[in-house]
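Below, read A as the first sequence line, B as the second, and so on, with proteins coming before strands; counting in each chain starts at 1.
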Amino acid sequence: MGKDSSDLFGSLFKTPPLVKVVPVLVPLPVPGAYSYAVPEGLAVEPGSVVQVPVGPRQLIGVVWDGENDDRLDPKKLRPITLAFDCPPLSKEMRDFIDWVANYTLSPPGLVARMAIRAPAALEPEPMVEGLRYLGGRPERLTPARTRVLDLANQEDIPWTRSGLAHAAGVSLSVIDGLTAQGIFETVFLAPPPVVARPDPDYIAPRIEGPQKEAAAEIVDSIRTGGFSTSLIDGVTGSGKTEVYFEAIAETLRRGKQVLILLPEIALTASFLERFQDRFGAKPGEWHSDLSPRMREKVWRGVVTGEVQVVAGARSALFLPFENLGLIIVDEEHDPAYKQEDRVFYNARDMAVVRARIGDFPIVLVSATPSVESQVNGLSGRYNTVHLPTRFGDAAMPDLHLIDMRRHPPERGGFLSPLLIRAIAKTIGRGEQALLFLNRRGYAPLTLCRVCGHRFQCPQCSSWLVEHRFKNQIQCHQCGYSEPTPEACPECGTLDHLVACGPGVERIAEEVEKHFPDARTIVMSSDLLGGVKRMRLELEAIAKGDADIVIGTQLVAKGHNFPLMTLVGIVDSDLGLSNGDPRAAERTFQLLSQVTGRAGRTGRKSHGLLQTFQPQHPVMQAIVSGDASAFYEREIAEREKAILPPFGRLASLIVSADTRADAESHARGLRAAAPKVSGISVLGPAEAPLALVRGRHRFRLLVHGRRNSDMQAFLRAMLANGPKQRGSVQIQLDIDPQSFL
DNA sequence: AGCACGCCGACT
DNA sequence: GTCGGCGTGCTC
């Protein structure tokens, strides 16, 4: 190995020692990867999870692909602190993260962070201490010791200390005594799996007719392999879950992992049990209020491939599966799939992208598909599977509108005589009625009859909602609350405050007046006693311990009420004109879901919808059961609403954490770009907008922390066209697949 | 995201 | 004279 003199010279005087430098994504809102030196002897590759120093802190990051920024001052280079002992993120996962960061214009480090959000799981789980039976007898045999030895002789498996004590009905000291005498040996065992292995053939599928055909169609796409998107579109109670369970079974048979995405609210014990009934084991769970310990176990199970199926909320999409082969997105239309902080994304859309990158099938499921998915189904890009009828002997409820102009309630009331009569009949038969009103509290607005003062939130200027059960007035926007005052704060007059409009509590009052002997229950998220009480109440209702249920949104989902044969919608029009461009779609979905609560177990059932707009397309679609007419119309409306592309008319929708912030951003933008005519403001609740894909027309949502950033961005965008990317976060609410 | 720095208004 | 509000800049 001859060294020539120039080399020697270089190493002595000029050339710095060769250090390996790698890009590392750090969890900071910076546009790209940082560069770090790899210390001697540390083995890292793209995907390795590492700890690195950033300023004064140590952060967890991921070694990334690509070149280092060579403009970086080498003096700034710092070494990687350590590499975690866990499998690196796969190329597929890295591509997915890059894609999502690029599409959502989010800092890639923040996207990557979502994949490694179980810090404790980065080190392998500690071994658990166990006991192995070595045979032999103790010097003195007591009855307790005999019981332990009998058990140990029966089963030749390693015991845990406490497990053996418990099984033998003895105290830990008995076990310790035997261990001290060399009867047992302490061994270290691999930790037990979080969940048992699901068995695809645990029971024969309980499906028939159209369900069976639908399942066969989807199983077929799995057998074919490769990327495909299917949309299961079936009314409530049509057996959608049973159908996609067959897709899961087929994937498991092929030795691949499955992810089931559900809106957080649908991740209930009853779903997990249903899964267990079919597969003999529960799926792994992933959601926001998982205990850190559990989070760690599931994360680790997923990366090692030990956990075969995960049922999770949207964040589960970023779990680094070892061998993912199928994604199910249940309740595909649910707005809970949207994340609207830090990284803005719709998990449903990103799930399709993940399947595309991983080249495996994905199945979207809904009784009321989103307009976007409907469009994709109609255009043939998604393979639509219809389940038009209910499963077994259950029939859809008979639906009718009540025109409130012709059948008004009595003075001071909100229920039409027609609805009251229907309730009387229903409970007379010993069946249950559900009254739905999507409004918590007693009254949405309180005012003073003397001076006209309206109770308004001091923090965010929306109306304060009276809650009689809690004796509070609350702001439903920001959570502000205060005790209900007795006197008007403006003019000081006592006892002249008047409630305007109904909330569920007020409907309960009216119901009690009409049906004093009925067992009435109010279900709303501010039910005293929290989630536990809520669950008990739902069970009680299912058992028949209530005659009339008055509920908000939260009765719309899940739960089967066998005796529920009447659903009354108090105000069907509520939500149709709140400025949300998706108002009609949302209302259609909500009303379909609520009316779908009736008659799920075979009894003849009815739905009555009180409305002031019986001709409205949403109302017509609901009562006629003709969803396709509604979608067709809605699609046409959206097409019309989409503004012309950039260049001719730039159109911006500004949104921010609060409406006030958004207004302030918009003022700045209007000043910065007077030629832009279409700057409009949406509050955080309304954003992002629906967009039907097609051609390259789109709206942008600009989210920014700083006015100056937003203005700079806007100027650059106007100069360079819509492809310009700025330092602000932008949400393009357009079909991600047009970018694939 | 955090954290430091710096610049103007209301206080012990 | 300071304390502290948030606007701005920086982290390999």
Q: Using atom NZ of A/K75 as one end and atom P of C/dC12 as the other, report the distance to the nearest whole Å.
A: 15 Å

(Q) Side-chain N or O of A/R57 versus OP1/OP2 of B/dG2: is the shortest distance under 4.0 Å? (A) yes

Q | A/Y345/A/F318 under ring-ring contact (aromatic ring centres under 6.0 Å, His included): CA gap, chis, key distance, verdict | A | CA-CA 12 Å; A/Y345 68 93; A/F318 290 91; 5.2 Å; yes

Q | Carboxylate-amine/guanidinium contact A/R94 A/D98, below 4.0 Å | A | no

Q: Rounded to the nearest angstrom, tell me the gap between atom OH in A/Y34 and atom P in B/dA1.
A: 13 Å

(Q) Within the 4.0 Å heavy-atom criterion, would you say A/V24 contacts the bases, only the backbone, or no part of the nucleic acid? (A) nothing

Q: Would you mind reading off the distance between A/R113 atom CZ and C/dT11 atom P, rounded to a whole angstrom?
A: 20 Å

Q.
Walk me through whether A/E372 and A/E585 qualify under side-chain contact (heavy atoms from CB on, under 4.5 Å).
A. CA-CA 11 Å; A/E372 307 89 277; A/E585 181 187 354; 4.1 Å; yes

Q: Check the distance between C/dC10's C1' and A/R78's CZ and give it to me in whole angstrom.
A: 13 Å

Q) Quick one: A/L25 CG to C/dT11 C1', roughly how many Å, whole number? A) 15 Å

Q) Does the side chain of A/E332 pick up a donor-acceptor pair with the side chain of A/S370 at under 3.5 Å? A) yes

Q) Atom CD of A/Q58 and atom C1' of B/dC3: how far apart are they, to the nearest Å? A) 16 Å

Q | Sugar-phosphate, base or nothing in reach of A/P53, heavy atoms under 4.0 Å | A | sugar-phosphate

Q.
I need the CG-C1' distance between A/L28 and B/dG2, as an integer number of Å.
A. 9 Å

Q) In whole Å, what is the span from the CD1 atom of A/I116 to the C1' atom of B/dA1? A) 14 Å

